[in-house]
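Reviewing the structure listed below.
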Amino acid sequence: MSLEASRGDCVAMEPRAGVSKQDIREQIWDYMESQNLADFPRPVHHRIPNFKSKKTLLVPTPRLRTGLFNKITPPPGATKDILRKCATSQGVRNYSVPIGLDSRVLVDLVVVGSVAVSEKGWRIGKGEGYADLEYAMMVSMGAASEETPVATIVHDCQVVDIPEELVEEHDITVDYILTPTRVIATGCERPKPMGITWFKISREMMEKIPILRSLRAREQQAGKDVTLQGEHQHLPEPGRQQTVPLSADRRPPDTPGPEANSMEAARGSPPGEGALLTADVFVGNLPQDARVSDLKRALRELGFVPQRLTWQGPRLRAFLHYPDSATAQQAVSCLQGLRLGTDTLRVALARQQRDK
């Protein structure tokens, strides 16, 4: 990829095959350093770049050490210097009151920092995942929803092309981009995270962020799968999820048995179409006007949120990716008769659909 200076200190980034998020980060950081665009702290590498834009921002608790939100209340008659300190980590400690999980706070606008962002709404942070986690936590505690607008304030040089394949399900996207010269409405329709992706959370992160432990306990009590990164996947409790465990002689209709698996193995399935597909669930007959958020909402209500979801709306279908075949089979059983609007969806194991 290459960077070229243009009017207003903008850059044009030409994506190349195999580009990674870190490649884009390094290009942005190198350019901002070479052009002296960033404010303190410097160098800008491994940071969200700071630069003067005459905007005032409020931020969550630094690194989420004591909670998610803090309400900053400057002292009476605060000087400009004190107001500046209020926006620092020291200011949060000295001039704020923590907001608890039961505060019922509603966020009207989320402002997130970025290293790079595209006009389509794809965003790249500094690589630690705190912004994505903060947003997911807000959704989990009911403070934000998919309708809450997300804006980012960046320099013009940080608006670049980002390949869509770099955007993961847990990545937050942005609706508005503010630069010193432009206001960009991205029109991004990619669904934002519906909550915390627990299998991405490590034990080490749980120890560092106490509020995560509280949120996990709440969601576990509500019957959600809160398996952490590296933990053994726990199957849902039948009484809690109202599912029927499947045995060898009770499979969903037309589901291939062991003999079909053996035949598939004998044919030499390519990677991704063999055993991995037994953990994937096909969902067909989607309504023409269905959105991925509609399907995710229905799955969440039934307690069978997949690890990943591949949306193929124009083809009226989607694929749900579960951690193992047992969970996928339970999902198939539970989701029979699932409706979106007036349409009944067709649900089956993905292997079954691929063979047909």
Side-chain angles (χ1 to χ4, degrees), residues 106-110 117-123 132 135-136 138-140 142-152 162-177 184-197 224-225 241-243 252-254 277 279-322 327-328 330-354 356:
L106 292 178
V107 175
D108 298 314
L109 172 67
V110 176
V117 66
S118 77
E119 293 190 12
K120 294 182 179 180
W122 316 147
R123 170 194 172 273
D132 302 315
Y135 178 84
M138 283 190 280
V139 173
S140 293
S145 68
E146 193 171 358
E147 287 72 38
T148 306
V150 177
T152 189
I162 298 175
E164 184 174 0
E165 58 266 23
L166 298 183
V167 185
E168 301 179 69
E169 187 176 359
H170 65 276
D171 288 336
I172 183 175
T173 56
V174 300
D175 304 299
Y176 299 97
I177 304 170
I184 304 169
T186 67
C188 184
E189 296 184 356
R190 185 184 182 96
K192 295 180 175 64
M194 296 188 303
I196 299 173
T197 308
K224 297 183 179 180
D225 184 0
Q241 299 285 359
Q242 296 184 348
T243 62
D254 299 328
L277 276 180
D280 294 344
V281 172
F282 168 88
V283 178
N285 199 36
L286 292 169
Q288 290 278 0
D289 59 348
R291 300 180 58 187
V292 67
S293 57
D294 300 328
L295 179 58
K296 286 186 174 183
R297 189 177 300 111
L299 295 172
R300 184 168 61 246
E301 290 173 355
L302 291 172
F304 269 99
V305 178
Q307 287 185 330
R308 292 185 298 108
L309 187 153
T310 300
W311 178 256
Q312 298 180 357
R315 302 179 69 179
L316 307 182
R317 70 184 189 184
F319 289 90
L320 314 180
H321 308 286
Y322 291 97
T327 307
Q330 286 193 335
V332 168
S333 178
C334 180
L335 299 179
Q336 294 301 317
L338 177 64
R339 298 171 68 90
L340 285 184
T342 59
D343 297 323
T344 301
L345 306 186
R346 190 153 50 93
V347 182
L349 290 177
R351 177 194 290 265
Q352 173 188 350
Q353 284 295 324
R354 185 65 58 88
K356 286 186 178 180

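In this structure, E168 CD and W122 CH2 are separated by 13.5 Å, a value rounded to the nearest 0.5 Å. Separation of atoms CG (L286) and CH2 (W311) is listed at 4.5 Å; rounding is to 0.5 Å. With values rounded to the nearest 0.5 angstrom, E164 atom CD is found 5.5 Å from R190 atom CZ. Within the model, atoms CD of Q312 and CZ of F319 stand 5.5 Å from one another, a figure rounded to the nearest 0.5 Å. Here CE of M194 is found 7.0 Å from CD of E169. Values are rounded to the nearest 0.5 Å. To the nearest 0.5 Å, atom CG of residue L345 and atom CG of residue L338 are 4.5 Å apart.
Distance alone, capped at 3.5 Å, is enough to place a donor-acceptor pair between the T148 side chain and the S145 backbone. In this structure a side-chain-to-backbone donor-acceptor pair under 3.5 Å is present from T186 to V174.
In this structure, G195 and V139 approach most closely via the heavy-atom pair N-CG1, 4.0 Å. The heavy-atom pair separating L109 from P149 by the smallest distance is CD1-O, 3.5 Å. The two residues A328 and V281 make their nearest non-hydrogen contact at O-CG2, 3.6 Å. When all heavy atoms of G121 and C188 are compared, the closest pair comes out as CA-CB, 4.3 Å. In this structure, R346 and N285 approach most closely via the heavy-atom pair N-CB, 4.1 Å.
Counting heavy atoms from C-beta on, the side chains of Y322 and Q307 never come closer than 4.5 Å. Within the 4.5 Å cutoff, the side chain of K192 has heavy atoms near those of the D175 side chain. Counting only heavy atoms from C-beta outward, the side chains of K296 and P191 approach each other to under 4.5 Å. D132 places a side-chain heavy atom less than 4.5 Å from the side chain of R123.
Of the candidates T327, L299, V347, L320 forms a side-chain contact (heavy atoms from CB on, under 4.5 Å) with just one, namely L299.
Enclosure of atom CD in E189 is not indicated, since only 12 or fewer non-hydrogen atoms of other residues, nucleotides or ligands lie within 6.0 angstrom. The number of heavy-atom neighbours closer than 6.0 Å to CZ of R291, taken from other residues, nucleotides and ligands shown, is 12 or below. For E165, the CD atom sits in a packed shell: over 12 heavy atoms of surrounding residues, nucleotides or ligands are nearer than 6.0 Å.
Side-chain contact check for H321 and D280: at least one donor-acceptor pair (N or O, by modelled atom type) lies under 3.5 Å. Judged by distance alone, the side chains of R339 and T344 do bring a donor and an acceptor atom under 3.5 Å apart.
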Pair V150-I172, side-chain contact (heavy atoms from CB on, under 4.5 Å): steps then yes or no
CA-CA 9 Å; V150 177; I172 183 175; 3.8 Å; yes

